[in-house]
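Some notes on the structure that comes next.
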Amino acid sequence: MIKGANYIGDELSAKGDKTFTTFNPQANKVTGWTFHEATKSEIDAAVLLASEAFNQYKKISGKLKAQFLRTIADEIEALGDALIHTYIKESGLPIGRAQGERGRTIGQLKAFAKLLEEGSWVEATIDAAKPDRVPLPKVDMRKMLFPVGPVAIFGASNFPFAFSTAGGDTASALAAGCPVIVKSHPMHAGTGELVAFAITLAAKKTGMPKGVFSNLNSSGNEVGQQLVLHPNIKAVGFTGSFNGGMALYKLANERPEPIPVFAEMGSVNPVVVLPSALNEKGIDWAKQYAASIMLGAGQFCTNPGLIFGIKSTSLDNFIKTLGTEIATLEPNCMLHPNIHGNYEKGKEALSIQGGVNVVADYESEVQPNYARQKVVTVNGTNFLKNSKLHQEVFGPFSVIVRCEDATELSTILKALEGQLTGTILGSEDELRKYENVVEALKSRVGRLIFNGVPTGVEVCPSMQHGGPFPASTDSRFTSVGESAIKRWVRPISFQNWPQEFLPDALKNSNPLGIMRLVDSKNTKSAI
Ligand code: NAP
C-alpha cells in the first residue's frame, strides 16, 4: 500500500530521482520502503494548489470544516492495523504507545471539530457606533480572527502521529482555515504517507478544495527550506531540534516578507524537590521519577532532565533510591540509529564535565539502538558555572543537582534557559516558604506542575505547551490544546462596514449564535 510518493493535493507524485528509505530500529535494518524526495516543481505545485484552495477553504463554514476533521479521524481509524504496524516498524515504539498516540491524534482532530461547531473561538468583538458621543462621534468597530493562508508543518520524529502528518499542528491549522503542506519526517515517511492518504480521502469525501492538504517527502534540508522560503507560505509549525528550528526561524525572518515560525525545540523540564517531599515521600518520588525518565526511552519533550534539591540526608536517600530503581528498569529502543548515536554522545559529553558523579549507569549489553539509562549528580556551584550541564540530552538521562540552600537554588533556576515545564514537589506550606524558588521557576517555564511528573501532556483548552525561548520561538502560543489554533490566525477590524458585507460572526443578528464581546460584555444576544 505504501507507494513512496508525495501527495500533491489528492494526486500521488514521484517525479524526483532522489530517494531514501526508512529504518526499523528494532530489527536494525531498513524497512524496504523507498520514498521519492519532492522536487522543486512538486513543491511549487503543492504551494500553488494550497494558495488556490485557500481562496475557497477560508470561506467554508466552521460546521463543514468540522466534518472534514471528523472524517480525517474516521479515515485514520479505518486504516486499522496496517497503520499501527507501519508506525511500529518505522519508530521502534511499542504497540501500546502506537495505539495510545493514534487515540490522542483522533481526539485532537475531534476537539478542533467541536471548537469549530461551537464557533466562538473567532473572538468576535463589537463596539457599536455612538453618533452622539462628544466631542467626536464614535465609529462602528468590529473585529474577529481570520486564517493567515497556507502553512508548512514539519512532522516530529518522536510523535509519528500526534505531532506529525495529522497531528496537533495540522489539525489546528486546518481548523483555523489554513491549507497545510506537511514536510514529512524522513524517519517515518511510510506512516506519514498512510495518514496523508486518510486526510486526502477525507478531503474528497467532504468536498474540500483540492490542495487543502499536501504531503512532501524529503531526507535533507532542501525541501523544508524551499517551503519556508516560498512567498505563498504564511506560517510554519515545527517540532524538533534547536538547530533545525533555529535554521528555519532565521530563514523565515530573512524573507522579503518575514513569517512566523512556531518552533518547539526541546526542554530539560526542571524539577524541584523540596524538603517535605524528600522527608515524607522521597522513596515514592524517586520511583516515580525513575519511571518518568525512562518513559518512551526518554524521547519526550517533557522528559525530566534536571532535578534539584537542597543538600540533606534525605536528598542523598532520594538520589540513591532513584539510582537503584532506574538501574532495575529495562532499556527501550530509540527511534533511529542517529537519535541513539546523538544520545550516546550527549550522555558521555555531560558525564565527563567537572564535578559530575555517576548515580546510575546501565552497563549490561543491550540490543542495537536501545538506550542505556544514566543518572548523574553535581553540586550547585559546578552546575551554575557550566552551561553544558543545562543542555538537553534527548533520551533517558538526568542530572540531579545538590544545591547549598534555597538562595543558590533560586539563583540557578533564574540562570536556566526557557523551558516547557517546571515541577515543584513539596507541600502547600512550602509554596509560601519557598516563594522565591517558585517565582524563579515560574519565570522560566510555560507549565507549572505541583506534585506530579512532567511527562504526560493533557490535551485541553487550558494546556500551555510552549515556553520562553529556546523551549519555543514564541512563548505566547501553545502547540497542544485548542488554543493552538491561535497560531494560524490574525485579527481584522471592520470600521463602519455595511451589515450585508460583514462576516456572519460580526452581523447584528448573530446568525451563528456564538459568544461575542459586545460593548465590553460577553453575550450571545443579537444586537
Ligand atoms: P530535527 O533534526 O530538528 O528535524 C526535524 C525536521 O526538521 C525534519 O523534517 C528535518 O528534515 C527538518 N530540518 C532539520 N534541520 C533543518 C534545516 N536546517 N533546514 C530545513 N529543515 C530542517 O529533529 P529530529 O530529526 O526530530 O531529531 C533530531 C534531534 O532533535 C534529536 O536527537 C533530539 O535531540 C531533538 N528532538 C527534540 C524533540 C523535543 O521535543 N525536544 C523532539 C524531536 C527531536 P530533514 O531531516 O529532511 O532535513
Side-chain angles (χ1 to χ4, degrees), residues 6 16 18-23 25 35 37-38 43 90-91 93 152-160 162-165 167-169 181-189 192 215-230 233 236-252 254 261-269 295-305 334-347 349-350 369 371 391-397 417-421 446 454-455 457 465-467 470-473 479-480:
N6 306 284
K18 202 171 158 195
T19 58
F20 64 97
T21 58
T22 49
F23 195 85
F35 299 88
E37 189 156 309
I43 298 167
E90 291 187 324
S91 70
L93 295 167
I153 303 291
F154 287 74
S157 59
N158 58 342
F159 276 94
F163 279 88
S164 288
T165 324
D169 287 343
I181 300 174
V182 167
K183 207 301 262 171
S184 186
H185 198 286
M187 291 179 196
H188 47 74
N215 184 55
L216 304 179
N217 292 319
S218 93
S219 65
N221 294 166
E222 297 79 18
V223 171
Q225 292 176 355
Q226 281 170 33
L227 260 184
V228 171
L229 287 174
H230 198 292
I233 292 292
V236 178
F238 171 93
T239 304
S241 66
F242 176 76
N243 289 343
M246 284 313 291
L248 298 172
Y249 182 79
K250 283 187 188 138
L251 217 54
E254 284 162 12
V261 174
F262 298 100
E264 196 234 286
M265 302 176 292
S267 175
V268 274
N269 304 297
L295 199 68
Q299 301 166 117
F300 284 119
C301 44
T302 52
N303 193 256
M334 296 197 91
L335 296 159
H336 193 273
N338 291 351
I339 291 206
H340 181 256
N342 284 343
Y343 170 63
E344 287 295 333
K345 270 189 245 148
K347 180 175 82 165
L350 259 70
N369 308 316
Q391 301 308 313
E392 178 183 27
V393 175
F394 194 64
F397 176 83
E417 291 184 326
Q419 308 289 337
L420 291 172
T421 76
T455 40
V457 180
H465 191 72
S472 55
T473 45
S479 60
V480 176

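When a ligand or atom number is given, it counts from 1 through the structure's own listing order. The first residue of the sequence shown is numbered 1, and numbering continues consecutively from there.
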For [atom], what's the nearest protein heavy-atom neighbour? Residue, atom name and distance, please.
atom: atom 19 (N) of ligand 1; value: Q225 NE2, 3.0 Å
atom: atom 7 (O) of ligand 1; value: F238 CE1, 3.2 Å
atom: atom 11 (O) of ligand 1; value: K183 NZ, 3.0 Å

Okay, side chain of [X], backbone of [Y]: is any donor-acceptor separation there less than 3.5 Å?
X: E37; Y: S219; value: yes
X: Q419; Y: E417; value: yes
X: N369; Y: P25; value: yes
X: S184; Y: L216; value: no
X: N269; Y: T421; value: yes

Is the closest side-chain heavy-atom distance between E264 and F163 below 4.5 Å? yes
Got I339 and M187 here, is their nearest side-chain heavy-atom distance under 4.5 Å? yes
Could you tell me which atoms of ligand 1, counted from 1 in the order shown, lie closer than 4.0 angstrom to a heavy atom of [X]?
X: L248; answer: 19 (N), 20 (C), 21 (N)
X: S218; answer: 47 (O)
X: E264; answer: 40 (O)

Restricting to heavy atoms, the pick from S241, C301, G346 nearest atom 29 (C) of ligand 1 would be S241
Filtering M265, H185, E222, M246 for the heavy atom nearest atom 24 (P) of ligand 1 leaves H185
When E90, H188, Q299 are each screened for side chain to side chain contact (heavy atoms under 4.5 Å, CB included) with L335, the one that passes is Q299
Logged contact type for S219 with ligand 1, heavy-atom cut-off 4.0 Å, is backbone
So for E392 against ligand 1, with non-hydrogen atoms under 4.0 Å, the contacting part is side chain
Task: N/O separation below 3.5 Å, N221 to ligand 1 - done: yes
query = Any N or O of G224 that comes nearer than 3.5 Å to an N or O of ligand 1?
reply = no
